[in-house]
Amino acid sequence: MSADETSEGEKKLDVIRQVVADDVAAGKHDGRVQTRFPPEPNGYLHIGHAKSICLNFGIAEEFGGRCNLRFDDTNPTKEDVEYVDSIQEDVRWLGFEWDELHFASDYFEQLYEWACQLIRQGDAYVDSQSPEEIRAQRGTSSQPGTNSPDRERSVEENLDLFAKMRAGEFADGEHLLRAKIDMASKHLILRDPPMYRIRHAEHHRTGSDWCIYPMYDFAHGQSDSLEEVTHSICTLEFETHKPLYDWFIEKLGIFPSKQYEFARLSLTYTVMSKRKLLELVEGGQVDGWDDPRMPTLCGLRRRGYTREAIRAFCDDIGITRYNGMTDMVVLENALRGDLNKRAERRMGVLRPLKVVITNYPEGESEELEAVNSPEDESAGTRMVPFGRELFIEQEDFMEDAPKKFFRLAPGREVRLRYAYFITCTDVIKNDAGEVVELLATYDPATKGGDAPDGRKVKGTLHWVSAEHAINAEVRLYDHLCKVEDLSKIPDDEDWKSHLNENSLETLTDCRLEPSLADFDAGTPVQFERLGYFTLDANATTAEKPVFNRSVTLRDAWAKMQKR
RNA sequence: UGCCUGGUGGUGUAAUUGGUAGCACGCAUGACUCUGAAUCAUGUAGUCGGGGUUCAAGUCCCUGCCGGGCAACCA
């Protein structure tokens with residue numbers, strides 16, 4: 001039973017779903033539920049958007065409603081088709097399909113007419129002051145603003161000016177259409193907020209059709225209303241916009257969409273703001289939006305995250321109005337949970353250490369049977385080649401091993417998984433005193449991994465046959481940032497100085513069992529004892545496969561060592 | 001010093017709307033184990049403070065404290 005279920009298995013309702021359920025029960029909008037996911041196409045979607053996607057599409061599903069995908073494309077200077085394409089791909093990848101696809105830019109004509117309506121009603125006016133003058137008149141949180149000298153322009157003059165703004169007769173910034181509300185309002189947002197600005201810029205969809213563009217506040221709620229969105233769900237920082245959201249809808253007399261807010265996702269050790277992510281991409285600190293260290297959906301996908309894991313994670317963290325910080329391990333555990341059930345097991349050695357089995361006949365080899373998944377018998381078994389020369393993991397050997405070290409050490413016996421028990425007899429070092437090779441003997445009677453005499457070993461190691469192994473590159477990842485909470489970094493400090501310079505470790509001399517040679521990108525695999533991996537289709541070449549480690553396995557030994 | 005909003009174990013959350021503070025993750029211990037994984041069992045720790053109403057307060061009232069957001073011609 002999960003935390004958000006009752007003993008009857010019924011879903012507990014979060015703050016937003018509770019409102020929806022109440023509205024449906026009360027017969028509001030005849031019980032109709034319409035939501036929307038409204039990204040601005042100015043960047044790639046990240047795990048925080050996944051939370052919103054799961055919420056909006058999830059609610060529609062659960063309440064028999066509909067959910068649209070709408071691009072909030074009202075700022076042409078920041079937006080691009082590259083982003084609208086990737087956003088659609090990512091939403092679909094998560095497993096959701098929108099009922100209708102819309103663009104705020106499709107509403108530009110309607111929005112323009114509505115702006116004219118407000119002018120005619122005396123609820124909007126053209127301000128011809130400079131941005132600086134307007135800012136100076138806004139007042140502060142404790143002091144009221146002052147009225148613009150243009151505030152009492154006649155309807156005719158406003159209409160004329162606004163038409164000329166549209167017609168392109170003015171330069172950027174020369175005029176501004178503002179809502180006429182109250183310069184003394186306690187809600188700063190209501191101090192005659194801007195509705196339309198002049199921007200002679202090429203829009204990725206409308207081209208040069210427009211040189212005036214509506215502001216968020218005069219586009220978002222109106223778009224919601226046009227789509228008859230019943231529940232307009234957004235994050236908490238839009239809370240202060242709600243009075244304005246309602247004001248426009250009321251003045252226009254259009255469909256009464258309502259806004260509800262929830263807390264955005266913050267994850268430890270990473271960045272979530274599109275601005276900062278863009279900075280990393282442009283600054284070359286990462287390989288692109290889909291760098292496996294990025295919290296973007298494409299990055300997580302390339303890292304090996306599954307949609308199931310991401311959706312389970314979103315389910316897990318819940319929806320509240322509390323701005324918390326979610327530990328990255330919650331995300332990682334969601335992945336482990338999903339992959340443990342589905343990923344087949346293979347053996348691969350990341351940092352090879354050669355072992356020669358001195359009593360194994362030279363020039364010979366054999367095949368041993370290994371199970372593909374302990375969690376799923378139907379996954380069957382495969383044959384793994386074994387020979388006289390093997391590779392094991394460097395960290396699985398210790399010359400002066402403490403008692404708690406269950407792995408290989410001089411004189412100690414361990415099991416090679418699915419193969420034989422071996423005992424280390426000699427250690428070969430180079431001039432620098434580093435261990436470069438191990439000599440060992442094997443017990444033929446333990447073939448398959450069990451001793452007929454019932455003798456036990458504490459450790460079981462993964463291994464590959466030197467002769468048969470394939471070479472591979474493996475990339476290991478760590479947190480993007482060294483600090484847990486990036487928002488705690490003072491503004492005068494460069495947040496990028498807190499980036500983890502060791503977030504990527506590339507291992508170029510890894511040896512994998514031969515069955516990994518033609519592995520599908522997108523199919524998760526567990527390298528036993530090391531973690532879950534996925535083939536990186538972008539980086540893999542004909543000569544050399546490249547695997548990304550998605551996440552490590554839980555590691556009690558590593559924890560013990562830390563103490 | 002304005003407005004909006006929030007505060008439940010370390011973290012994320014739940015509490016039938018006033019009635020036994022529960023779940024998950026983490027952590028610890030143990031069982032099992034051919035992955036120091038998985039699984040299972042046990043344990044760990046919490047209602048921001050102070051008043052008040054009440055038979056009964058995480059929940060209602062007052063007050064204090066702390067946090068987040070808002071003063072872009074961004075979204």
Side-chain angles (χ1 to χ4, degrees), chain A residues 1-6 12 14 38-40 42 72-75 77-79 127 130-131 134-135 138-145 172-178 185-191 193-199 212-213 215-217 219-220 234-243 261 263 268 274-275 316-327 329-330 332-334 336-337 340-341 345 347 370-371 374-375 404-407 414-419 421 446 448-450 456-462 487 526-531 552-560:
Chain A
M1 184 170 87
S2 117
D4 48 7
E5 289 172 26
T6 65
K12 278 277 168 62
D14 56 61
E40 182 189 13
N42 67 343
D72 238 346
D73 55 348
T74 58
N75 185 0
T77 58
K78 289 190 175 174
E79 298 155 5
D127 197 327
S130 70
I134 289 174
R135 198 174 312 130
R138 193 150 28 225
T140 65
S141 53
S142 46
Q143 281 167 251
D172 289 8
E174 239 181 287
H175 302 278
L176 181 70
L177 184 71
R178 294 225 262 169
S185 175
K186 289 173 299 186
H187 300 284
L188 269 9
I189 192 84
L190 296 182
R191 319 249 259 226
M195 290 168 58
Y196 266 93
R197 77 289 213 184
I198 302 173
R199 268 267 204 300
I212 56 172
Y213 292 93
M215 303 290 295
Y216 165 86
D217 287 303
H220 198 98
C234 61
T235 47
L236 246 16
E237 56 297 1
F238 291 99
E239 217 172 354
T240 47
H241 292 245
K242 190 143 68 176
E261 310 87 12
T268 55
K274 277 197 217 170
R275 199 202 87 227
D316 208 34
I317 56 176
I319 300 292
T320 62
R321 292 172 62 83
Y322 172 69
N323 277 305
M325 174 70 65
T326 297
D327 199 313
V329 305
V330 179
E332 293 172 349
N333 278 330
R336 291 188 180 106
N340 175 49
K341 285 176 293 186
R345 273 60 164 173
M347 290 196 287
V371 325
E375 302 287 322
K404 289 283 203 180
F405 186 79
F406 299 154
R407 307 174 186 184
V414 298
R415 171 170 38 233
L416 294 182
R417 189 147 161 88
Y418 300 123
F421 285 14
T446 58
D450 284 305
K456 299 283 186 200
V457 287
K458 290 288 263 184
T460 300
L461 311 185
H462 60 276
S487 72
Q526 182 193 105
F527 290 180
E528 298 220 30
R529 306 208 301 136
L530 296 174
T552 61
L553 257 27
R554 283 198 190 85
D555 190 345
W557 168 241
K559 243 176 240 165
M560 213 182 294

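We name chains A, B, ... by the order of the sequence lines, and we start the count at 1 in each one. Scope of the values below: all heavy atoms of this structure, side chains included, with no hydrogens, waters or symmetry mates.
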With sequence neighbours excluded, tell me which residues meet salt bridge (charged side-chain N to carboxylate O under 4.0 Å, His left out) with [X].
| X | answer |
| --- | --- |
| A/E40 | none |
| A/R529 | A/D396 |
| A/K78 | none |

Produce the list of close N/O pairs, under 3.5 Å, pairing protein atoms with atoms of nucleotides 28-30 of chain B; give distances to one decimal.
| from | atom 1 | to | atom 2 | distance (Å) |
| --- | --- | --- | --- | --- |
| B/rA28 | OP1 | A/R563 | NH1 | 2.5 |

Strictly under 4.0 angstrom, non-hydrogen atoms only: write out the protein contact profile of nucleotides 4-9 of chain B, one letter per nucleotide from the 5' end, B, S or -. SSSS--
Atom pairs, protein N/O to nucleotides 72-75 of chain B N/O, distance under 3.5 Å:
| from | atom 1 | to | atom 2 | distance (Å) |
| --- | --- | --- | --- | --- |
| B/rC73 | OP2 | A/R138 | NH1 | 3.3 |
| B/rC73 | N4 | A/Q129 | O | 3.3 |
| B/rC73 | N4 | A/P131 | N | 3.4 |
| B/rC73 | N4 | A/G173 | O | 3.1 |
| B/rC74 | OP1 | A/R199 | NH2 | 2.7 |
| B/rC74 | OP2 | A/R197 | NE | 2.8 |
| B/rC74 | OP2 | A/R197 | NH2 | 2.8 |
| B/rC74 | OP2 | A/R199 | NH2 | 2.6 |
| B/rC74 | O3' | A/R197 | NH2 | 3.1 |
| B/rC74 | O2' | A/N75 | ND2 | 2.8 |
| B/rA75 | OP1 | A/T74 | OG1 | 2.7 |
| B/rA75 | OP1 | A/R197 | NH1 | 3.3 |
| B/rA75 | OP1 | A/R197 | NH2 | 2.9 |
| B/rA75 | OP2 | A/Y216 | N | 2.8 |
| B/rA75 | O4' | A/E40 | OE1 | 3.4 |
| B/rA75 | O3' | A/D72 | OD2 | 3.3 |
| B/rA75 | N6 | A/H241 | NE2 | 3.0 |

Let's test your reading of the pairing rules: Watson-Crick or G-U wobble, both distances under 3.5 Å, then write RNA chain B as a dot-bracket string with ( ), [ ], | and dots. .((((((..((((.....[..))))((((((.......))))))...(((((..]....))))))))))).....
By side chain to side chain donor-acceptor pair (under 3.5 Å), which residues pair with A/E174, not counting sequence neighbours?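 Partners of A/E174 under the side chain to side chain donor-acceptor pair (under 3.5 Å) test: none.
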For [X], enumerate each residue passing the side-chain contact (heavy atoms from CB on, under 4.5 Å) test, keeping only those at least two apart in sequence or located in another chain.
| X | result |
| --- | --- |
| A/E261 | A/C234, A/L236, A/E239, A/K242, A/Q259, A/R321 |
| A/A419 | A/L368, A/F386, A/L416, A/W463 |
| A/P243 | A/H187, A/L190 |

Please list, chain by chain and in numerical order, all residues satisfying ring-ring contact (aromatic ring centres under 6.0 Å, His included) with A/F421, sequence neighbours excluded.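 ring-ring contact (aromatic ring centres under 6.0 Å, His included) list for A/F421, sorted by chain: empty.
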